[in-house]
Amino acid sequence: MRGTSFIFGPIKAEEAAAPAVAAAAEFPPAEIEEFKESFGLFDRVGDSQVGYNQVADIMSALGMNPTNKAVVAILGNPSADDMANKRVTFEAFLPMLKQVDEMPKGTYDDYVEGLRVFDKEGNGTVMGAELRIVLSTLGEKMSEVEIDSLMTGQEDENGSVHYENPTSLGLRSTRHMG
């Protein structure tokens, strides 16, 4: 199997597969099977490929949660047309997943510091309604479904979220967030 590089000419199959092989070597086999299974769930055509516009969703489903900006950069800054029409194989996806896995991740303390900005009373709480607005309007905007999923069971009887509690919002102080 041979490919063509528009810059460098023909690409040998083993050269094209090298990034996937290197990425595969860094993930345990059981994890790769899980990734492959999840990837397959997004293949709506049955050609063992997924659309560029699905890559971020697959990564999120696998718990990676990269920003849309990071995914677009990993995909090579494709045009809107390419995002809608281009497709990627699992072998090409795996090195992308490895890139996301190696990205710096925020720590618990980073999240607490970010939420402290919204703590008007300095008591370790933020208003759930305000947090919902921030999550839906600033930065990488979350959908209502994502916000509801995150916020379920987090607000106390006064509508406040206790963000300094490590279990609040699913955070753990001993892990890096991602």
Side-chain angles (χ1 to χ4, degrees), residues 1-3 5 11-108 110-111 114 131-132 134-136 138-154 166-178:
M1 180 166 117
R2 291 171 109 21
S5 165
I11 300 172
K12 296 178 183 170
E14 56 274 8
E15 290 171 352
V21 170
E26 300 201 25
F27 287 117
E31 205 169 26
I32 292 173
E33 284 306 310
E34 178 187 337
F35 297 159
K36 192 178 281 191
E37 183 178 331
S38 295
F39 182 90
L41 295 173
F42 285 82
D43 175 10
R44 295 189 177 109
V45 178
D47 62 353
S48 299
Q49 297 183 54
V50 298
Y52 272 25
N53 58 1
Q54 296 174 292
V55 169
D57 294 336
I58 299 168
M59 290 178 175
S60 292
L62 293 171
M64 298 288 182
N65 299 316
T67 63
N68 287 335
K69 184 177 179 181
V71 172
V72 168
I74 289 169
L75 289 170
N77 297 309
S79 67
D81 187 54
D82 286 345
M83 284 298 289
N85 297 308
K86 279 197 168 183
R87 298 178 60 74
V88 63
T89 63
F90 180 75
E91 289 72 24
F93 171 78
L94 196 57
M96 295 176 194
L97 192 62
K98 187 64 187 165
Q99 279 184 268
V100 169
D101 187 49
E102 291 175 345
M103 288 180 172
K105 294 165 182 62
T107 64
Y108 166 75
D110 293 334
Y111 283 88
L131 189 53
R132 287 174 182 276
V134 168
L135 293 172
S136 67
L138 296 179
E140 187 115 357
K141 298 164 186 64
M142 293 177 73
S143 71
E144 285 298 317
V145 171
E146 291 170 321
I147 294 169
D148 288 342
S149 174
L150 179 70
M151 298 291 290
T152 299
Q154 302 302 327
T167 58
S168 182
L169 300 178
L171 304 178
R172 291 188 179 96
S173 60
T174 59
R175 298 186 36 199
H176 284 280
M177 307 295 112

(message) Give me the atom names and distance for the closest heavy-atom approach of Pro95 to Glu91.
(response) CD-O, 3.1 Å

(message) What's the separation between atom CG in Asp148 and atom CZ in Arg132, rounded to the nearest 0.5 Å?
(response) 5.0 Å

(request) Decide yes or no for Pro78 and Val72: does some side-chain heavy atom of the first lie under 4.5 Å from some side-chain heavy atom of the second? (result) yes

(message) Counting only heavy atoms not in Glu37 (residues, nucleotides, ligands), do more than 12 fall under 6.0 Å from its CD?
(response) no

(message) Taking the side chain as everything from C-beta on, heavy atoms only, tell me whether Lys141 gets closer than 4.5 Å to Leu135.
(response) no

(message) Between Asp82 and Arg87 (salt bridge meaning N to carboxylate O under 4.0 Å), is one present in this structure?
(response) no

(message) Looking at every heavy atom in both Ile147 and Ser136, which two are closest together, and how far apart are they?
(response) CD1-CB, 3.5 Å

(message) Just verifying a value: how many Å separate Glu144 CD and Ser149 OG, rounded to the nearest 0.5 Å?
(response) 12.5 Å

(message) Between Glu146 (side chain only) and Ser143 (backbone N and O only), is there a donor and an acceptor less than 3.5 Å apart?
(response) yes

(request) Flag the pair Ile74 / Met103 as yes when at least one side-chain heavy-atom distance between them is below 4.5 Å, and no otherwise. (result) yes

(message) When you compare the side chain of Phe90 with that of Leu97, does any pair of heavy atoms fall below 4.5 Å?
(response) no

(request) Kindly write out the residues that satisfy salt bridge (Lys or Arg N to Asp or Glu O under 4.0 Å) with Asp81, not counting sequence neighbours, or none if the list is empty. (result) none

With a 3.5 Å cut-off and sequence neighbours excluded, list the donor-acceptor pairs that the side chains of residues 49-63 form with protein atoms.
| from | atom 1 | to | atom 2 | distance (Å) |
| --- | --- | --- | --- | --- |
| Gln54 | OE1 | Gly51 | N | 2.7 |
| Gln54 | NE2 | Phe42 | O | 2.9 |
| Ser60 | OG | Ala56 | O | 3.1 |

(request) Give, for atom CZ of Phe93 and atom CZ of Phe39, the distance between the pair rounded to the nearest 0.5 Å. (result) 6.5 Å

